[in-house]
J.: 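Before I ask anything, here is the structure I am working with.
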Number of protein chains: 2
Amino acid sequence: MGLLGRKYVMEIVCIVGVHGTVRFGEIESHLPGASTSTLSTRLEELVDAGLVERERYAEIPPRVEYELSADGEELATRLEPVVEWVAEREEMST
Amino acid sequence: MGLLGRKYVMEIVCIVGVHGTVRFGEIESHLPGASTSTLSTRLEELVDAGLVERERYAEIPPRVEYELSADGEELATRLEPVVEWVAEREEMST
DNA sequence: CGGTATCCAAAGTGATACTG
DNA sequence: CAGTATCACTTTGGATACCG
């Protein structure tokens, strides 16, 4: 899946995975570099790919929550060691 | 590292990891989608990041071999489950 | 063979406006 | 709040050709 190579995808999967269920704004706050529109697009792609599920609540104010699907969880599990190592390695060089 | 999110990076790491030492052309043949220039750029970035090492031989015809550094090996190990799972999942849907 | 140089298309960004 | 839409702009990536 070329989707994995797209910007922010791994990060999003991890963020959602860690939180369990997350709202749009929260994901956004963890990705300062990503624009609203890009994040929106990525999330849609992830939902289409069956890795993330979106739950929309008809409330005021509106609330939308994202969480990983079973496949998403599986991916997150496998992704964890990678992201962890990368994070550690980044600290070293700073 | 945002580098991981760049196109082909994970694939390249895996390809180099599997082969041990690889020549430019061989990597290219495993990535039909990537253009020469992109591959060249990616390899340079990977070398700069200390994940891949380049060995240039002053022969005719010229030969250049790439192989993973210790860090690259570590990354490849952690990346393996991810790539494996993604590959299986792709097969399912085809 | 293994690239770099060049030029062009596509993806992503930022800001802002608008909707349910 | 959680987006979608738009537009101008920057960054990436692709195609091709040429060089050592």
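Proteins get letters first, then strands, A, B, ... in listed order; numbering begins at 1 in each.
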J.: Do A:Ile27 and A:Leu43 have side chains that approach each other closer than 4.5 Å (heavy atoms only, starting at C-beta)?
T.: yes
J.: Nearest-Å distance, CG (A:Leu3) to P (C:dG12)?
T.: 10 Å
J.: Once you round it to whole Å, what is the distance between P of D:dG3 and CZ of A:Arg56?
T.: 6 Å
J.: Once you build an axis from the first five pairs and another from the last five of the helix from C:dC1-D:dG20 to C:dG20-D:dC1, how far apart in angle are they, to 10 degrees?
T.: 50°
J.: Can you tell me if B:Arg42 touches the phosphate of D:dT12, counting only side-chain N or O atoms and a distance under 4.0 Å to OP1 or OP2?
T.: no
J.: Do the side chains of A:Val83 and A:Val13 get nearer than 4.5 Å, heavy atoms only?
T.: no
J.: With a 4.5 Å cut-off on side-chain heavy atoms, are B:Trp85 and A:Leu75 touching?
T.: yes
J.: Which nucleotide in the set D:dA2, C:dG12, C:dG3 lies at the smallest distance from any side-chain heavy atom of B:Ser40?
T.: C:dG3
J.: For the pair made of OH in B:Tyr57 and P in C:dG2, what is the distance, rounded to whole Å?
T.: 12 Å
J.: Among C:dT4, C:dG3, C:dG12, which nucleotide has an atom closest to any side-chain atom of B:Tyr66?
T.: C:dG3
J.: When you check the gap from the basic side-chain N to the acidic O, do B:Arg78 and B:Glu80 get nearer than 4.0 Å?
T.: no
J.: Could you state the atom-to-atom distance from CG of A:Leu31 to P of D:dG3 in whole Å?
T.: 14 Å
J.: Report the distance from atom CD of A:Glu65 to atom P of D:dC1, rounded to the nearest whole Å.
T.: 15 Å
J.: Provide the closest heavy-atom pair for A:Leu68 versus A:Gly17 in the form atom of the first, atom of the second, distance.
T.: CD1-CA, 3.4 Å
J.: Are A:Val9 and A:Arg6 close enough that some pair of their side-chain heavy atoms sits under 4.5 Å apart?
T.: yes
J.: Between C1' on C:dG2 and CD on B:Glu44, what's the gap in Å once rounded to a whole number?
T.: 13 Å
J.: Between B:Ser35 and B:Thr38, what is the shortest heavy-atom contact and its length?
T.: OG-OG1, 2.8 Å
J.: Under a 4.5 Å cut-off applied to non-hydrogen side-chain atoms, are B:Met10 and A:Met10 in contact?
T.: yes
J.: Taking only the side-chain nitrogens and oxygens of B:Arg6, find out if one of them lies under 4.0 Å from OP1 or OP2 of D:dT12.
T.: yes
J.: For nucleotides 15-20 of chain D, give me every protein contact, N/O to N/O, under 3.5 Å, one pair per line with atom names.
T.:
unit_1 : atom_1 : unit_2  : atom_2 : d
D:dA15 : N6     : B:Ser37 : OG     : 2.8

J.: Under 6.0 Å from the ring centre and within 45 degrees of the ring axis: does the NZ or CZ of B:Arg54 meet both conditions for the six-membered ring of B:Tyr66?
T.: no
J.: Send over the distance from A:Glu59 CD to C:dG20 P, rounded to a whole Å.
T.: 18 Å
J.: Rounded to whole angstroms, how far apart are CG on A:Leu46 and P on D:dG3?
T.: 13 Å
J.: With the side chain counted from C-beta on, respond yes when B:Glu55 and B:Val64 share a heavy-atom pair under 4.5 Å apart, and no when they do not.
T.: no
J.: Between D:dT12, D:dG3, C:dT4, which nucleotide has the shortest distance from any of its atoms to the side chain of A:Arg54?
T.: D:dG3
J.: With the threshold set at 4.0 Å, does a side-chain nitrogen-carboxylate oxygen contact exist between B:Arg42 and B:Glu44?
T.: no
J.: Taking DNA chain D as the partner, which of residues 7-29 of chain A come within under 4.0 angstrom of it by heavy atom?
T.: A:Arg23, A:Phe24, A:Gly25
J.: Are the side chains of A:Glu11 and A:Val16 in contact, using a 4.5 Å heavy-atom criterion?
T.: no
